[in-house]
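Remarks on the structure that follows.
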Amino acid sequence: MNPIVTISGGGIIGSYISLRLDSKNIDSIVIEKSINKPFSKENIRTLTLNPYSKKLLDKLGIDIRHSKIKKINVIDGEGTGQIDFSSEEINSEDLSYVVFFNDLQSALQKRVIKKTLFETQIEDIKEVEINKSCEIILSDNQTIYSQLVAGCDGRNSNVAKIASLEPFVGDYKQIAITFTVKCDLEDVDIAHQIFSEKGIFAIMPLPDHEELSTHTIVWSVDKAKILNQAPEDYVNENIAYFEKKIGANINIFSNILSFNLFNHHFDTYICDSTVLIGDAAHSIHPLAGQGINLGFADADVFCEELIKAYEKKMLLDKRLILKKYEIRRKNMNYLMLKSMDFFVDLFRSNNVYIKLLRNIGLTSVNKAGFLKNFFISHASGDNKI
Ligand SMILES: Cc1cc2nc3c(=O)[nH]c(=O)nc-3n(C[C@H](O)[C@H](O)[C@H](O)COP(=O)(O)OP(=O)(O)OC[C@H]3O[C@@H](n4cnc5c(N)ncnc54)[C@H](O)[C@@H]3O)c2cc1C
């Protein structure tokens, strides 16, 4: 096998890259560790796509059910600070779209199924000579020769380990709890986010919510607050607080999932022919729902650089393509990671001056158009570089 790109990881980002390259006749193969089985019908986990990510998917004909968010209302639950973001402020029809994780992953995987090898993983990558193919050995003893290895294998990237790339890792000491609910909120296209001592709580309309009034909740909580409690008990004890804040009744109707929250990032995304993309390169706090959008922006820039070189029939200069990708994406990703950390720390603090500052801060950002536009344009994906 001699595909131009070998992709480690057939999740959302790995499958997207394979499909996008295929649309330009650039051959790739996807190596996916898990078995090829249909996704669970139970849809709990959701993703928030920004308009840029949605546009990338539309261009490849990936059209899945989604709900539209036109406004986000952010409240400081312990104070008086408030800020709202609306799609009108960025002259866009919508601010973001909520999709089910399983819907998106399975729609993408189906389109690249013939290019995916399941139940195997990369064991070793042997560089022969710079700008020649490298030799990729799989755990089932197959060998592939490729120009590039795209590491899209998530947070504990296997290819990063093979390339001896070391991330820095931060522990938020929080868990994210997510579940779906029926809720009698009147506005169907508004998301609410509340920062409080009981955690960072976001409620967003689900796809098909118009018939069912269903919403998704993503709620991150300090582990110290939960102690030995089960997440379900914490949710049952504290949900009334948020019902009061949003002025609506919430009835849980799915299982409750929980995840430990960490961030990680690499000083460099590249080693010889290997490059890290999406969650393999970085993970951030889910408070602004930006994880997958950073991954799509990475994938877009990587494909753009590769396609540009390929279409000019240039000898593929791996170092140049990968360096351009890294320059365009690394600092943007790091900025987003640090911005999320800033918000987590700001709203975790019990210091009375910090509380005062954030009340004033949120309300004044709300009034200052240019600052709001800065935040929204980053979140909408306009600033991918
Ligand atoms: C609670 C929670 C809520 C979130 N909410 C949002 C949100 O609202 N919006 C948002 O944008 N993001 C959100 N995220 C983040 C988002 O889920 C991730 O950014 C996204 O899934 C990353 O996609 P990926 O394809 O890069 O990696 P992954 O989804 O991790 O996919 C990696 C793939 O690689 C495979 N793999 C792993 N190891 C190997 C190996 N050794 N060899 C081969 N294959 C391998 C895996 O099986 C998987 O298929 C959330 C995360 C959490 C935890």
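All ligand and atom numbering here is 1-based and tracks the order in the structure.
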How are the rings of Tyr334 and His265 set to each other: parallel, tilted or perpendicular (split at 30° and 60°)?
-> tilted
Answer yes or no: is there an ion pair linking Arg65 with Asp103, defined by an N-O contact shorter than 4.0 Å?
-> yes
Pairwise distance CD1(Ile250) to CZ(Phe242) - rounded to 0.5 angstrom = 9.0 Å
Neighbouring protein residues of ligand 1 - any heavy atom closer than 4.0 Å = Ser8, Gly9, Gly10, Gly11, Ile12, Ile13, Ile31, Glu32, Lys33, Arg45, Thr46, Leu47, Thr48, Phe101, Gln121, Cys152, Asp153, Gly154, Asn158, Ala176, Phe259, Gly278, Asp279, Pro286, Gly289, Gln290, Gly291, Ile292, Asn293
Output yes when a side-chain donor or acceptor of Asn158 lies under 3.5 Å from a complementary backbone atom of Ile122, and no otherwise.
-> yes
Step through it carefully: locate the ring centre of Tyr16, locate the ring centre of Phe296, and say whether they are under 6.0 Å apart.
-> yes
Kindly write out the residues that satisfy side-chain hydrogen bond (donor to acceptor under 3.5 Å, both in side chains) with Asn333, not counting sequence neighbours, or none if the list is empty.
-> Tyr269, His282, Asp298, Arg329
